Amino acid sequence: MAMEIIKAEFMGFCYGVKRAIELVERLIAGQEKDVYTYGPIIHNPQQVEKFRRLGVEARELLPDRGTVVVRSHGAGPDFYRQAAERGIRVVDGTCPDVKRVQSIAAEAAAAGNRLVVIGDRNHPEVQAVVEWAGGQAEVIGGRAQADSWRPQTDDNVVIVAQTTFEQVDYCDIIGVLRQKRSLCRGWVEHQTICSSSQKRQQAARRLALTVDAMVVVGGRNSANTVHLAAICREACPRVYHVEVAHDLDCAWLAGVKRCGLTAGASTPQWLVDEVYDKLLQCEGEVK
Ligand code: SF4
């Protein structure tokens, strides 16, 4: 019997990433010169390379001239200040949902409130949010940090989360923090985890439970793809994380009757399509 290939109900680019990519594509189509992205536009080496060949380079530092596209993770206020000083045009690809977190952070800091960001301190989105709070934010990424967090009686606490933070970990951390709520003067929680990642994670988990093997497409440097693969591994014993179609070895799928396919939020559709085509090819080869 032929192997059945089933795609996850939700996968690939979220709307924030799609929007940022489209902004770059529009600049390329308009033959704009000296276009850069502020860091890799997405955590996907193939898409970054594709843009590089079309003349759009990823830069960690501001260039001296031209146009810079901000990726969906956003950037801190210093970036905008420096760009304005140098006369650099900024095309802002910050996801509107991330902008909302930045605004909450800036307002909390301006009001003298104590800002807590539940997230990964090394993630660029979290780093930019902390910058919007003037550096006055505490980042809590795990239960141990939540345990050791100590509020003061006159604290007005404002809590936000990294938009792509795992819901289960968020609940764990917020549960610990809430036990200290009564010690504070004020307490506001903003639910800022994005439903795009949740939908992708839930769809991947649902599918992984029903298949013999899962193929997860996306950059090895993409935290959300690595995380998606980890979620699949909890539900399915055979999970293969591939970046491109030729990473996939049909021999891995020996004995597989139902194969699931999903992709991280930073994986372009053209890479997913190539892997799907390779799976169709494997379908004829595997026994
Ligand atoms: S995951 Fe959500 S918040 Fe983050 S870029 Fe995508 S749509 Fe925006």
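Predicted, not measured: the structure shown is a model, and the values here were computed from it. Each ligand, and each atom within it, is numbered from 1 in the order the structure gives.
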**Request:** Run the numbers on L27 and V91 for side chain to side chain contact (heavy atoms under 4.5 Å, CB included), then give the verdict.
**Result:** CA-CA 9 Å; L27 292 167; V91 173; 4.2 Å; yes

Sequence neighbours excluded, the answer for side chain to side chain donor-acceptor pair (under 3.5 Å) partners of R205 is none

Applied to residues 185-236, the ring-ring contact (aromatic ring centres under 6.0 Å, His included) test, sequence neighbours excluded, yields none

Considering residues, nucleotides and ligands other than K180, do more than 12 of their heavy atoms fall under 6.0 Å from its NZ? yes

Residues pairing under salt bridge (charged side-chain N to carboxylate O under 4.0 Å, His left out) where one sits in residues 258-267, two or more places apart or in two chains, turn out to be E4-R258

| query | Are D155 and R114 ion-paired here, with the side-chain N under 4.0 Å from a carboxylate O? | reply | yes

Total protein N/O/S atoms sitting under 2.8 Å from atom 6 (Fe) of ligand 1, waters ignored, is 1

